[in-house]
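Okay, structure first, notes after.
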Amino acid sequence: MSSSWTLFETYFLKAASWPQRKDGFPSDLLDALSPGEKKEAVRQLIEKLDGSDDWPIRAMAHLGVSESVPRLRALLQKETMPSIRAVAATAIYELTKDGTMEDIVWSVAGAKDKEWIDRLDAIHCLGRFKSASAADRLCSLLDDSDFLVSYNAKLAGG
């Protein structure tokens with residue numbers, strides 16, 4: 001395997017520490033893989049669609065892996081962690097254009113009873129839905145009493 005694969009394995013598949021994850025989803029590591037390596041990466045990432053990590057979910061959308069949609073829908077049905085639900089719904093939307101996924105993301109982003117960290121993830125997910133309703137929902141968060149929520153809604157909305 002190439003040096004790109006080694007980086008992918010170290011900083012994506014096996015990234016477990018905060019210093020490795022602090023800069024967010026490393027799509028560049030996926031993009032640098034050869035076609036054969038991407039195929040192997042998809043195989044390994046599909047096995048990791050268990051709700052314990054959102055990076056494999058995000059990778060399915062980034063790579064356009066439509067065959068992952070049934071696994072993502074099954075994950076969405078069983079998952080209770082709000083941020084994982086928002087990321088899974090966003091990935092399904094990006095792969096299928098199923099607009100009903102926006103309501104699932106909004107149920108986290110707009111819920112004042114959810115932890116701020118879950119809401120922030122969901123707010124940025126909502127920003128990926130390029131619809132008038134998503135824009136309206138993000139605008140409704142601009143006056144949220146939690147500064148982090150309102151600030152991230154502004155970022156996500158452009």
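Under a 3.5 Å cut-off, the side chain of E37 and the backbone N or O of M1 do not form any donor-acceptor pair. Judged purely by atom type and a 3.5 angstrom limit, R71 uses its side chain to pair as donor or acceptor with the backbone of I46. Under a 3.5 Å cut-off, the side chain of E115 and the backbone N or O of I117 do not form any donor-acceptor pair. Listed for the R119 side chain is a donor-acceptor partner under 3.5 Å among the backbone atoms of A111. The closest donor-acceptor contact from the side chain of D118 to the backbone of K114 lies at 3.5 Å or more, if one exists at all. Proximity of a side-chain donor or acceptor of Q20 to a complementary backbone N or O of T10 within less than 3.5 Å is detected.
Salt bridge R137/D103: present, at least one basic N to carboxylate O contact under 4.0 Å. Taking 4.0 Å as the cut-off between side-chain N and carboxylate O, D54 and R85 do not count as a salt-bridged pair. Between D144 and K112, at least one side-chain N (NZ, or NE/NH1/NH2) sits under 4.0 Å from a carboxylate O, which counts as a salt bridge.
Taking the side chain as every heavy atom from C-beta outward, H124 and L155 approach each other to under 4.5 Å. With contacts defined as side-chain heavy-atom distances shorter than 4.5 Å, the pair W106/C125 does not qualify. L13 has its side chain within reach of K48: a pair of non-hydrogen atoms, C-beta onward, lies under 4.5 Å apart. By the 4.5 Å heavy-atom criterion applied to side chains, Q77 and R73 are not counted as neighbours.
A122 approaches A109 most closely through the heavy-atom pair CB-N, 3.5 Å. Scanning all heavy atoms of the two residues, the minimum distance from E67 to P70 falls at O-CD, 3.5 Å. Of all the heavy atoms in L141 and A153, the pair that sits closest is CB-CB, 3.7 Å. Considering all non-hydrogen atoms of both residues, L30 and A59 come closest at CD1-CB, 3.8 Å. Heavy-atom minimum distance, S4 versus A32: OG-O, 3.4 Å. Contact record, A15 with R21: O-NE, 2.9 Å, taken as the closest heavy-atom pair.
Both M81 and L120 are assigned to one and the same hydrophobic cluster, defined by single-linkage of ILVMFWY side chains at heavy-atom distances under 4.5 Å. No chain of hydrophobic side-chain contacts below 4.5 Å, direct or via other Ile, Leu, Val, Met, Phe, Trp or Tyr residues, connects V108 to F25.
Atoms NZ and SG, from K154 and C139 in turn, are 10.5 Å apart once rounded to the nearest 0.5 Å. Atom OG in S68 sits 6.5 Å away from atom CG in L49 (nearest 0.5 Å). Distance CG/L45 to CZ/R58: 13.5 Å, rounded to 0.5 Å. The CG atom of L75 sits 7.0 Å away from the CD1 atom of I84 when rounded to the nearest 0.5 Å. To the nearest 0.5 Å, the span separating CD1 on I123 from CG on L148 amounts to 9.0 Å. Atom NE2 of H62 is separated from atom CG of L29 by 9.5 Å, given to the nearest 0.5 angstrom.
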- Can you list the steps and then say if Y93 with V105 is a side chain to side chain contact (heavy atoms under 4.5 Å, CB included)? CA-CA 10 Å; Y93 167 74; V105 175; over 6 Å; no

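Between W55 and F12, the angle of the ring planes lies from 30° to 60°, which puts this pair in the tilted group. Taking the six-membered ring for Trp and thresholds of 30 and 60 degrees, F8 and W5 have ring planes inclined between 30 and 60 degrees apart.
If you check the side chains of T6 and E9, you find no donor sitting under 3.5 Å from an acceptor.
Checking L72, L76, T96, L95 one by one against M101, the side-chain contact (heavy atoms from CB on, under 4.5 Å) holds for a single residue, L76.
Environment of OH in Y151: sparse, with no more than 12 heavy atoms of neighbouring residues, nucleotides or ligands closer than 6.0 Å.
In this structure, K14 forms no cation-pi arrangement with Y11, as its terminal cationic atom is not both closer than 6.0 Å to the ring centre and no more than 45° off the ring axis.
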